[in-house]
Amino acid sequence: MMPNVVRGDRMAGLMTYLVGPGRSNEHTEPHLVAGDAALMAWHNDDELGRDAALRIAHHLDQPRTAYDVQVPGGHVWHCSLSLRADEGALTDEQWNAIANDFVRAMGFDDNEGTKAPCRWVAVRHGVSTNGNDHIHLAVNLVREDGTKASVHNDFRRAQTAVRALEVKHGLEELESVRTERSTRGYDPAEREAQARARAQAKYERASRL
């Protein structure tokens, strides 16, 4: 699984793009697979259109607008999580679990009640032009109380998080070659962090059996 992280400041623009036709008409049946608790309480998995996308964007943006917080680099954190084309497709339920675990791993949740959470959503809209099953996550970096979520080393943190999630969700066998290739060139501390994350995920997975 490969993460791709982008920052911006237009939540409405991102959401309308995600539910639109795509650059090559590759977007089909866009729908939510996960999101913050408040969003999921009033939205289902129906196919999304422009009006729904704008309502979701308004919901996601509320903490930033309410507190008038400016975030250098943009308050919209956008990350796609993509499988290789030869891995096939996951179910919406599997993507839901992966999205929630990924948001926790990135520290965008409430950190077991010690922080105000970020508002976020995960959208699925069919495979890419190359045949990759994937989801898009949009996160408002301004938390519910107006504080800012940390994005320090966010790309490396995202890579570490997906390596652990591959183990937890049974994707590590499919990703073993890619994992080895992607960790070449990392410094020893980064490789050690990934090893600890994978070991922790294995322990959590085994403890639930």
Side-chain angles (χ1 to χ4, degrees), residues 1-61 74 76-106 108 118-140 154-155 158-159 161-175 177-179 182:
M1 189 161 52
M2 181 61 65
N4 182 31
V5 177
V6 181
R7 293 275 300 281
D9 58 9
R10 296 183 61 247
M11 187 69 77
L14 172 60
M15 288 303 305
T16 54
Y17 168 74
L18 294 180
V19 307
R23 293 184 177 89
S24 303
N25 293 314
E26 74 275 24
H27 295 176
T28 59
E29 299 181 0
H31 59 282
L32 302 189
V33 292
D36 63 75
L39 174 62
M40 299 306 287
W42 61 266
H43 211 287
N44 54 30
D45 61 355
D46 289 345
E47 185 171 343
L48 298 172
R50 178 180 174 83
D51 289 345
L54 292 174
R55 288 194 299 272
I56 292 170
H58 177 73
H59 164 80
L60 297 176
D61 259 346
V76 179
W77 194 85
H78 173 208
C79 180
S80 62
L81 299 179
S82 178
L83 302 179
R84 295 196 313 272
D86 60 6
E87 292 182 67
L90 301 180
T91 66
D92 283 354
E93 290 74 18
Q94 287 173 304
W95 277 125
N96 174 283
I98 290 170
N100 277 282
D101 286 344
F102 182 74
V103 166
R104 278 192 293 272
M106 292 301 297
F108 297 143
C118 296
R119 295 191 181 190
W120 65 279
V121 69
V123 175
R124 187 182 188 190
H125 56 198
V127 299
S128 68
T129 52
N130 294 323
N132 308 88
D133 187 24
H134 65 286
I135 60 172
H136 292 264
L137 292 102
V139 180
N140 181 0
D154 56 345
F155 181 67
Q159 290 180 313
V162 298
R163 297 290 85 82
L165 292 180
E166 286 163 0
V167 176
K168 181 176 181 179
H169 294 276
L171 301 174
E172 77 276 14
E173 184 173 342
L174 295 172
E175 288 292 331
V177 174
R178 189 185 188 106
T179 299
S182 67

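When a residue number appears, it is its place in the shown sequence, counting from 1.
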Could you check whether any side-chain heavy atom of Leu32 comes within less than 4.5 Å of a side-chain heavy atom of Leu39, counting everything from C-beta outward?
yes
Check whether any side-chain heavy atom of Trp77 lies under 4.5 Å from a side-chain heavy atom of Cys118, and answer yes or no.
no
Walk me through it: do Leu81 and Leu165 pass the test side chain to side chain contact (heavy atoms under 4.5 Å, CB included)?
CA-CA 11 Å; Leu81 299 179; Leu165 292 180; 5.6 Å; no
Under 3.5 Å, side chain of Arg163 to main-chain N/O of Met1, donor-acceptor pair present?
yes
Looking only at atom types and distance, does a side-chain atom of Glu26 sit under 3.5 Å from a main-chain N or O of Ser24, one as donor and one as acceptor?
yes
Value for NE2 (His59) from NE2 (His43), rounded to nearest 0.5 Å, stands at 10.5 Å
I need the minimum non-hydrogen distance between Asn100 and Trp120, along with the two atoms involved.
OD1-CZ2, 3.4 Å
Value rounded to 0.5 Å, distance of CD in Gln94 from NE2 in His169
9.0 Å
Closest non-hydrogen contact found for Val5 with Ala158 is CG2-CB, 4.2 Å
Is there side-chain contact between Asn96 and Thr91, with at least one heavy-atom pair below 4.5 Å?
no
With side chains defined as the heavy atoms from C-beta onward, is the minimum distance between Leu48 and Ile56 less than 4.5 Å?
yes
Do Met11 and Asn140 have side-chain heavy atoms sitting under 4.5 Å apart?
yes
Closest heavy-atom pair and its distance - Val19, Gly49:
CG2-O, 3.8 Å
Going by side chain to side chain donor-acceptor pair (under 3.5 Å), name the pairs with one or both residues in residues 127-138, residues two or more places apart or in two chains.
His78-His136, Trp95-Asp133, Arg124-Asp133, His125-His134, His125-His136, Ser128-Asn132, His134-His136
Would you mind reporting whether Asp92 and His31 have side-chain heavy atoms less than 4.5 Å apart?
yes
Nearest non-hydrogen partners of Ala57 and Met15, listed with the distance:
CB-CG, 3.9 Å
Do any pairs count as a side chain to side chain donor-acceptor pair (under 3.5 Å) and have a residue in residues 6-19, sequence neighbours left out, and if so which ones?
Tyr17-Arg23
